[in-house]
Every structure is written in C-alpha cells, then in structure tokens.
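Starting from 1, each residue takes its place in the sequence as its number. Note that ligands are numbered from 1 as they come in the structure, with each ligand's atoms numbered from 1 the same way.
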Amino acid sequence: MVAPTQITYRGRFAPSPTGFLHLGSLVTALGGFLQARSNHGEWLVRMEDLDLPRNLAGAADDILFTLETCGLHWDGAVLYQTTRNEIYFEMLHSLKDQTFLCGCSRKELQYNQGFYDGKCRHGIPFGKTPRTIRLKVPDQIISFEDLIQGSFQQNLSKEVGDFVIKRADGCYAYQLAVVIDDAMQNITEIVRGCDLLDSTPRQIYLQSLLKYPTPKYAHLSIITNTLGQKLSKQTLAKPIDKKNPLPALFQALQYLGHAPPLELLNEKVETLLQWAITNWQLSKIPHVFAQIE
Ligand code: GLU
C-alpha cells in the first residue's frame, strides 16, 4: 500500500452487513469506485459491522463476493469495525471532557422527535441509570461544501442536540467509529448516500475535537421506491444477480447520470467499467434520482 504522505486520493465504501448488496448500495459502491479510479486513487472497503443486533449472518461475505463479481476490486485488506473496540475506547476516553452519561431512554426521546434536549448534560436526574454516552455540541453553525449537493450547514445544538457516541447496548456509535476509521485509513474523499448528509456536520465536529483533517464529501442521491422509501432490506430491495451483474451495473451507471453505449450490455463487466472510468464526471450526477418500481 502507498504510504500516507504519497496518497493524493483515497476513497472508501463502508457497507453495513445488515443485508445483501442491492441496486441502491451498488450505486454508492460504483460511484465511489469510479471517483477513486478516475482520480488514479485507492479505494478501500470497510465493513461497518458494529451494530451487532442488525448484522445479518453471511451478509458481509456476500457483499464482498458481489463487489468482486461486479469487478469492483478494492485495495488492501477489508477493515472490520468489530476488531477495533480498543481504539474506539481510547479515542472516546480522549473526549472525556466533552462527554457525559445520559440516562434517557429512546422512548423518552421520541416525545421530543428524537432531538436531545440536554436533560442529563449536567448530571443524571435522581432515579435514572446511565445508559448512553453523549457528546456535548456547541451552539455554532457547521458548514461544508459538498461536491454534489453544494453547501450544507447545521447548528448541532439547535438541530441535533448532544448526540450518542456510545450506545445503551455497549456498541460504539456509528458517528464516532466512522470518524476514527476515516482518519486512520487516511481517507481523502467520502462518496456515500445522501441519507448521511445530515450526519456530516456531527462528523466534522468530531474531527475537529480529535484533531483529524476533514475529508472532502460527495453525497449521492439515494434511490427510492415508488413510496419514496430508500431501497433497503426492509423495503425488500432485490439482491444483485451475482451470475449476471452487468445489467445492474449498467443501470447503476445510468442513475449516476452516465449513458454507456447499449453495445456494452453485450460486453464483459471489465469493459463496461473501463468505459465508465474513462467517461466519469462527477458533475453529471443528478441531485435527485428518479424513483424505480
Ligand atoms: N455504513 C453506512 C451504511 O451502510 C455507511 C456509512 C458511511 O459511508 O459513512 O449506510
């Protein structure tokens, strides 16, 4: 692997193994892969398997196998977040002056539409037991320029509230783990689904506390079904056909605003990908994707 100082571009795909790769996740993987390869960069895969109750047996291997059959070969070894509790523990500890124990249950928070009102910020009220660890957020606007969606800003204290970085079930929260791993893997640009756009200010804030650089971000629109729901295992998205992935790759490219010649449907996956790398332009990606049946 290239030493960090020589890397000019390093991207990543970070699936959660809660289901199989479907058209929606393929679009994200393909977008990231093409952006990395057209920049002569590296593209890593990280398995975000921290949410143990949601992991589906066999899904991680199946996702990797599907990526390979689609010709989306990654660099280096796959990083599994479940092997990294020690480092998460260490970094959480380094944030101890900015964190607090919270005794509020998810049910209580729902009365507040998920926004955390800071109830336990100055100590857990009598009679409550500690459940989660939260990070205190400042009353300050955090803004960034997304390469696809344009400028985005959020005031964490007004729009999110102090957020969970260690969950009630003992798992480290996505927001903390993703920031640590993106920094430790020297990721320079993050291409991912737009459903994570409003997580980005939280991640930028954590990067500033941990003295990590902020990578560039490119949030792809997400594919929704006719009910406007994100394609996922829950919305019964079909897994990619591993025996014949070419039509799905072709369709994914079209979602990404590219129009490969129809003849490429009769070619190999590698030929389609080569065309895509040569013709890739981030500016062609639509801000909103069409819905599918
Ligand atoms: N693991 C997340 C997902 O599968 C993606 C996280 C990220 O790309 O930052 O939705």
Q | Part of L196 with heavy atoms under 4.0 Å of ligand 1, whether side chain, backbone, both or neither | A | side chain
Go through ligand 1 atom by atom and flag the ones less than 4.0 Å from a non-hydrogen atom of [X].
X    : value
R192 : 7 (C), 8 (O), 9 (O)
Y174 : 6 (C), 7 (C), 9 (O)
R12  : 7 (C), 8 (O), 9 (O)
E48  : 1 (N), 2 (C), 5 (C), 6 (C)
V178 : 9 (O)

**Q.** Result of checking R10, R37, R12 against E42 for side-chain hydrogen bond (donor to acceptor under 3.5 Å, both in side chains)
**A.** R10
Q | Flag, side chain of R202 to backbone of D198, donor-acceptor distance under 3.5 Å | A | yes
Q: For the pair W280 and H258, name the ring-plane relationship: parallel under 30°, tilted 30 to 60°, perpendicular over 60°.
A: parallel
Q. Would you say ligand 1 has an N or O under 3.5 Å from any N or O of S16?
A. yes
**Q.** Short N or O distance, A14 and ligand 1, threshold 3.5 Å exclusive
**A.** yes
**Q.** 4.5 Å side-chain heavy-atom contact, I142 and Q154
**A.** no
Q: Report yes if the side chains of I165 and L92 come closer than 4.5 Å at any heavy-atom pair, otherwise no.
A: yes
Q) Are side-chain N/O atoms of H219 and T200 paired as donor and acceptor at under 3.5 Å? A) yes
